[in-house]
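What follows is a single structure, written as structure tokens, with notes after it.
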2 protein chains.
Amino acid sequence: MTTRWLTPEEQRAWRAYIAAAHLLEDALDRQLQQDAGMPHLYYSILANLSDEPDHRLRMTDLAERTKITRSRLTYAVTRLEKDGLIRRENCNWDKRSSFAALTDEGMAVLERTAPGHVETVRAFLFDHLTKEQVGQLEEIFTEVTRALEADETRPSADEVPWRRRSSSSPCSGDASE
Amino acid sequence: MTTRWLTPEEQRAWRAYIAAAHLLEDALDRQLQQDAGMPHLYYSILANLSDEPDHRLRMTDLAERTKITRSRLTYAVTRLEKDGLIRRENCNWDKRSSFAALTDEGMAVLERTAPGHVETVRAFLFDHLTKEQVGQLEEIFTEVTRALEADETRPSADEVPWRRRSSSSPCSGDASE
DNA sequence: GGGGCTTGGTTCAAGTTTGAAACAAACCTA
DNA sequence: TAGGTTTGTTTCAAACTTGAACCAAGCCCC
């Protein structure tokens, strides 16, 4: 089967995406490192916790939310715990599990730094997009996410079904991830 | 000045983008690590070199193309050199500069692995997009790239103007970055 | 109710990235 | 043309990521 190379249009799109993705992630990391003393991923972890009604999540679920490996998360949580922004808690009904819970200090950091983060996201992304483009962005990447999650070769920690959320909480959605 | 939080639409778009970006980069890394023994970034470096008429580029220019820091590139090139896929060459007219040049072996690796890479990009991205969406993708991220490159806080290695390319070469564009 | 599979989480070593500092060569400019 | 600045690249230590291996605790099922 001969390769279906990218068309010129696809190539342009791909290169533009790759370039922007690198630059954007760098810009976010730089800004958050400055203002919050942590890279974007770590901020996202806090933001995801703040989204929960009780500000806590099992490690596996948190990994699922943030789309990172359990191993990576372990390391990150350890660091954030050292910084006093997160606390680990045991799970009653499953002795294997442990929770990561946002501390008050963690919440405070989030509240203090969320505005700057959102401002950056705006400055580099949304301020340059029309309403339609925002819609396109969502459609495109929601679909891509679906495709990627369906990928069987992906090392996944099968989502836990026994609890569905609805939630929303201070900073949280506001914190923008 | 009060924070302009993201609208619900923007939030959805942002989350979709973040999720897809993580998953996509992971998928590409995994596939290339498998088939080429290197992460996506390293493949991109080779691909960018193969795009040049003479298969070589000054370090700074290569860093500019790939949107990474000089420091990161130094490390990557050192590794690829160890693997025999790249060779460092001196610059005649500027003793400070050094070139990274694709070796025959590097070119061979690229040619061998490009089809699988393109296939992956297709499977997870383009196969799910309409022609219009491909266009939107390019527009959106071209604009975002422009915004990010205009950012003055960015630690940039000012692009060198004294040579403009036109080029295209085997694998190259085909290699898809 | 005891083996065997699965799941949740961590650990370890090797690899990669970061940002600041160091160096050297080129480029002013007085 | 000497001295100061800029530019091209590397180096270093600390931080982070990776993937495989590991350990426990639950689950299954005969």
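We use all heavy atoms of the structure for the numbers below, so side chains are in, but hydrogens, waters and symmetry mates are not. Per chain, numbering begins at 1; letters A, B, ... match sequence-line order. Remember, predicted model here, so these are calculated numbers, not experimental data.
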Once you apply a heavy-atom cut-off of 4.0 Å, does [X] come out as touching a base, just sugar-phosphate, or nothing?
{"X": "A:Thr74", "value": "base"}
{"X": "B:Leu41", "value": "sugar-phosphate"}
{"X": "B:Ser71", "value": "base"}
{"X": "B:Ser98", "value": "sugar-phosphate"}
{"X": "A:Arg88", "value": "sugar-phosphate"}

What is the distance, rounded to the nearest whole Å, between atom [atom1] of [X] and atom [atom2] of [N]?
{"X": "A:Ile45", "N": "D:dC16", "atom1": "CD1", "atom2": "C1'", "answer": "12 Å"}
{"X": "A:Asn90", "N": "D:dA25", "atom1": "CG", "atom2": "P", "answer": "12 Å"}
{"X": "B:Glu89", "N": "D:dG8", "atom1": "CD", "atom2": "P", "answer": "19 Å"}
{"X": "B:Asp29", "N": "C:dT17", "atom1": "CG", "atom2": "C1'", "answer": "13 Å"}
{"X": "A:Trp93", "N": "D:dC27", "atom1": "CH2", "atom2": "P", "answer": "13 Å"}
{"X": "B:Asn92", "N": "D:dG8", "atom1": "CG", "atom2": "C1'", "answer": "16 Å"}
{"X": "A:Glu64", "N": "C:dT7", "atom1": "CD", "atom2": "C1'", "answer": "15 Å"}
{"X": "A:Asp61", "N": "C:dG8", "atom1": "CG", "atom2": "C1'", "answer": "10 Å"}

- Step-by-step side-chain contact (heavy atoms from CB on, under 4.5 Å) determination, B:Arg30 to B:Gln34: CA-CA 6 Å; B:Arg30 218 159 34 246; B:Gln34 269 282 312; 5.5 Å; no
- Message: Do the side chains of A:Glu81 and A:Arg79 get close enough for a salt bridge, i.e. N-O under 4.0 angstrom?
- Response: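 The answer is no: the pair does not qualify as a salt bridge.
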- Message: Within 45 degrees of the ring normal and closer than 6.0 Å to the centroid, is that where the cationic atom of A:Arg56 sits relative to A:Phe99?
- Response: yes
- Task: Of all the heavy-atom pairs spanning B:Ala100 and B:Ile86, show the shortest one and how long it is.
- Result: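 Looking at all heavy atoms of both residues, the shortest contact is CB-CG2, 4.2 Å.
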- Query: What's the shortest heavy-atom distance between A:Met59 and A:Thr74, and which atoms?
  - Reply: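 Smallest heavy-atom distance, with atoms named: CE-CA, 3.9 Å.
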Is there a side-chain polar atom (N or O) of [X] under 4.0 Å from OP1 or OP2 of [N]?
{"X": "A:Arg72", "N": "D:dC16", "value": "no"}
{"X": "B:Arg79", "N": "C:dT16", "value": "yes"}
{"X": "A:Arg70", "N": "C:dT10", "value": "no"}
{"X": "B:Tyr75", "N": "C:dT16", "value": "yes"}

- Message: Tell me if the CG atom of B:Asp127 is crowded by more than 12 foreign heavy atoms within 6.0 Å.
- Response: yes
- Check the surroundings of atom CG in B:Asp104: do more than 12 heavy atoms from other residues, nucleotides or ligands lie under 6.0 Å from it? no
- Task: Select from B:Asp94 and A:Thr78 the residue whose nearest nucleotide in DNA chain C is closer to the 5' end of that strand.
- Result: A:Thr78
- Message: Can you say whether a donor on the side chain of B:Arg96 sits under 3.5 Å from an acceptor on the base of D:dT7, or the other way round?
- Response: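 Yes, a donor-acceptor pair under 3.5 Å.
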- Note on the structure: Ranking C:dG8, C:dA26, D:dT9 by distance to the side chain of A:Ser97, first place goes to C:dG8
- Query: Nearest of C:dG8, D:dC16, D:dT10 to any side-chain atom of B:Met59?
  - Reply: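 Given the options C:dG8, D:dC16, D:dT10, the side chain of B:Met59 is closest to D:dT10.
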- Query: In degrees, rounded to 10°, what is the bend between the two ends of the helix from C:dG1-D:dC30 to C:dA30-D:dT1, using five pairs at each?
  - Reply: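 Answer for the end axes of this duplex: 20°.
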- Show your reasoning for whether side chain to side chain donor-acceptor pair (under 3.5 Å) applies to A:Arg58 and A:Ser97. CA-CA 7 Å; A:Arg58 292 190 333 148; A:Ser97 300; 2.9 Å; yes
